Amino acid sequence: MSAGIKKSPSNGSEKKLSCEEQQAKINEVKKLIGPLPDKLSIYCSDACISRYLRARNWNVKKATKMLKATLKWRSEYKPEEIRWEEIAREAETGKIYRTNYFDKHGRPVLVMRPRCQNSKSTKGQIKYLVYCMENAVLNLPPGQEQMVWMIDFEGFNLSNISVKVTRETAHVLQDRYPEHLGLAILYNPPKFFEPFFSMVKPFLEPKTYNKGKFVYSDDDNAKKIMEDLFDMDKLEAAFGGNDTSGFDINKYAERMKEDDKKMSTIWTRGNPSLAASEPGVTSAALSLDSLKLDSDSDASDDEKTDISSSHGIEPEVSDNDETVAASTGNATEGVH
């Protein structure tokens with residue numbers, strides 16, 4: 001496969017590189033990153049670096065800046081250390097959860113229900129979101145990097161909208177978990193939601209925005225769309241499937257506690273094959289100075305790595321802005 005440029009419906013133009021060229025750029029990023037503590041070194045697998053390069057259209061400088069910012073964030077926020085007991089209160093209504101089935105492409109499926117929002121704390125919601133992402137990445141099958149978000153809009157109303165959560169969600173998912181979103185299905189959103197979704201566009205990368213797919217159950221094509229993606233016997237009834245069991249917080253808690261045990265034990269040099277799946281990175285001492293961001297980076301990238309979000313600080317937002325964000329900020333505006 002020769003190098004060149006291909007047109008992409010998601011972001012205009014996207015570089016198409018040979019395997020050798022891709023590996024050369026991965027090696028460039030490794031050199032720019034430099035030596036890392038063991039745990040972060042495992043995180044920076046070739047698969048991981050490739051995702052950051054794809055997120056920045058194979059621009060080595062921008063991808064390196066983005067990855068360094070994530071390493072700093074992981075060192076400070078310690079997402080791999082979040083445990084079920086810390087976020088159980090946020091999880092109890094089933095507003096976000098990982099299902100026990102995959103789509104036909106082997107991608108984990110996360111469900112989000114805006115009507116089940118039970119918290120006004122931006123920090124709490126983002127912490128739970130990060131926990132869900134770490135858990136989903138932990139459960140990626142070998143060779144699979146992406147996941148599917150399913151947003152159930154039953155009962156959705158304007159009170160579910162928060163620009164604070166939308167902005168923080170977009171920042172965390174786009175910049176800390178790039179290239180992990182395969183598809184976001186927005187199921188039965190009210191007609192007034194589509195204009196709001198368009199207003200969220202400035203928060204999103206073009207690739208992310210275009211991975212949102214509106215699906216309406218009364219549309220003749222809806223059933224075929226879902227049948228092409230899922231085993232209907234496993235798909236929940238809320239999305240047109242045949243499974244009527246519903247969300248059970250007690251069973252879900254047990255699943256998450258078991259995964260917490262895996263998170264505590266699997267991230268070792270003794271099993272380097274785990275690097276491709278990139279579960280949580282065990283905390284390690286990391287000098288922030290050693291990951292100092294390039295001073296001549298693009299201003300647009302500087303905005304994406306605002307240190308306030310890495311510390312979990314809520315951005316200041318005007319009261320008027322509170323009515324303008326879309327609720328999918330809680331789940332979908334971010335992973336690309």
Side-chain angles (χ1 to χ4, degrees), residues 84 87-88 90-117 128-129 131-156 173 177 179-189 208 211-263 266 274 276-279 327-328 330-332 334-336:
W84 175 256
I87 50 76
E90 293 281 346
E92 64 185 11
T93 61
K95 63 183 177 185
I96 305 177
Y97 60 91
R98 180 176 60 81
T99 69
N100 57 7
Y101 58 88
F102 297 79
D103 78 347
K104 290 183 178 180
H105 300 285
R107 297 178 292 191
V109 179
L110 287 88
V111 169
M112 185 263 186
R113 291 191 164 92
R115 72 177 184 275
C116 296
Q117 182 56 260
Y128 180 48
L129 174 71
Y131 177 85
C132 290
M133 288 303 300
E134 291 289 309
N135 179 269
V137 173
L138 175 69
N139 284 281
L140 286 170
Q144 180 58 261
E145 292 186 303
Q146 295 189 321
M147 58 192 73
V148 175
W149 277 96
M150 302 267 284
I151 301 90
D152 177 8
F153 279 89
E154 181 183 351
F156 175 84
L173 296 185
Y177 300 94
E179 294 295 325
H180 274 316
L181 178 66
L183 176 68
I185 295 179
L186 290 75
Y187 198 78
N188 281 340
T208 305
K211 287 180 179 178
K213 185 177 186 64
F214 288 84
V215 177
Y216 297 93
S217 59
D218 59 358
D219 188 312
D220 292 340
N221 294 322
K223 185 175 181 180
K224 184 179 187 307
I225 291 171
M226 303 308 275
E227 287 178 341
D228 288 345
L229 283 169
F230 303 102
D231 179 338
M232 299 302 282
D233 287 333
K234 296 180 179 178
L235 183 66
E236 296 159 74
F239 299 106
N242 301 324
D243 183 0
T244 59
S245 57
F247 176 75
D248 186 319
I249 183 58
N250 295 318
K251 292 181 179 178
Y252 191 68
E254 291 306 311
R255 285 175 57 203
M256 296 301 102
K257 289 175 183 177
E258 287 301 311
D259 281 351
D260 283 356
K261 294 176 184 177
K262 297 178 189 177
M263 191 71 79
I266 69 170
L274 294 170
S277 295
E278 299 167 42
S327 69
T328 46
N330 290 335
T332 60
V335 202
H336 64 274

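Being a predicted model, the structure only gives us computed values, none of them experimental.
- Within the model, atoms CG of Asp231 and CE of Met226 stand 12.5 Å from one another, a figure rounded to the nearest 0.5 Å.
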Acceptor/donor pairs from residues 95-103 side chains to any protein atom, 3.5 angstrom cut, sequence neighbours excluded:
residue, atom, partner, partner atom, Å
Lys95, NZ, Glu90, OE1, 2.4
Lys95, NZ, Gln117, OE1, 2.7
Lys95, NZ, Asn118, OD1, 3.0
Tyr97, OH, Arg113, NH1, 2.8
Tyr97, OH, Glu236, OE1, 2.5
Arg98, NE, Asn135, OD1, 2.6
Arg98, NH2, Asp259, OD2, 2.9
Thr99, OG1, Tyr101, N, 3.4
Thr99, OG1, Tyr101, O, 3.0
Thr99, OG1, Val109, O, 3.1
Tyr101, OH, Glu236, OE2, 3.0
Asp103, OD1, His105, N, 2.9
Asp103, OD1, Gly106, N, 3.1
Asp103, OD1, Arg107, N, 2.8
Asp103, OD2, Arg107, NE, 2.7
Asp103, OD2, Arg107, NH2, 2.7

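- Put simply, the side chain of Ile185 reaches to within 4.5 Å of the side chain of Leu229, judged on heavy atoms.
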Stepwise side chain to side chain contact (heavy atoms under 4.5 Å, CB included) check, Met232 with Leu235: CA-CA 5 Å; Met232 299 302 282; Leu235 183 66; 3.9 Å; yes
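- Within a 6.0 Å sphere centred on CG of Asp228, other residues, nucleotides and ligands contribute more than 12 heavy atoms.
- When all heavy atoms are compared, the tightest approach of Val215 to Pro189 is O-CD, 4.1 Å.
- Annotation: salt bridge (charged side-chain N to carboxylate O under 4.0 Å, His left out) contacts of Glu154 (sequence neighbours excluded): none.
- For residues 216-246, every residue pair satisfying the ring-ring contact (aromatic ring centres under 6.0 Å, His included) rule, not counting sequence neighbours, is listed here: Tyr187-Phe239.
- Annotation for Gly94 and Phe247: closest pair CA-CE2, 3.4 Å, computed over non-hydrogen atoms.
- Residue pairs meeting the salt bridge (charged side-chain N to carboxylate O under 4.0 Å, His left out) criterion with at least one member in residues 240-253: none, sequence neighbours excluded.
- Note that the CD1 atom of Ile87 and the CG atom of Leu129 stand 11.0 Å from one another [nearest 0.5 Å].
- Taking 4.5 Å as the limit, every side-chain heavy atom of Leu183 sits out of range of all side-chain heavy atoms of Gln146.
- Summarising the geometry, atom CH2 belonging to Trp84 is positioned 9.5 Å from atom CD belonging to Glu254; distances are rounded to the nearest 0.5 Å.
- Proximity of Lys213 to Lys211: side-chain heavy atoms (C-beta onward) are nowhere separated by under 4.5 Å.
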Verdict with supporting geometry, Lys257 and Arg255, side chain to side chain contact (heavy atoms under 4.5 Å, CB included): CA-CA 6 Å; Lys257 289 175 183 177; Arg255 285 175 57 203; over 6 Å; no
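- Contacts of Lys223 classified as side-chain contact (heavy atoms from CB on, under 4.5 Å), with partners at least two apart in sequence or in another chain: Glu227.
- Annotation: the span from Cys132 atom SG to Trp149 atom CH2 amounts to 6.0 Å, rounded to 0.5 Å.
- Contact record, Ala237 with Thr244: CB-CG2, 4.1 Å, taken as the closest heavy-atom pair.
- Other residues, nucleotides and ligands contribute over 12 non-hydrogen atoms within 6.0 Å of the NZ atom of Lys104.
- The shortest heavy-atom contact between Ile249 and Ala91 is CD1-O, 3.7 Å.
- Residues meeting the side-chain hydrogen bond (donor to acceptor under 3.5 Å, both in side chains) test with Ser217, sequence neighbours left out: Asn188.
- Within the 4.5 Å cutoff, the side chain of Leu140 has heavy atoms near those of the His180 side chain.
- Annotation for Leu173 and Met133: closest pair CD2-CG, 3.5 Å, computed over non-hydrogen atoms.
- Minimum heavy-atom separation, Pro108 to Asn139: CG-O, 4.1 Å.
- Leu110 contributes atom CG, which lies 6.0 Å from atom CE of Met147 (distance to the nearest 0.5 angstrom).
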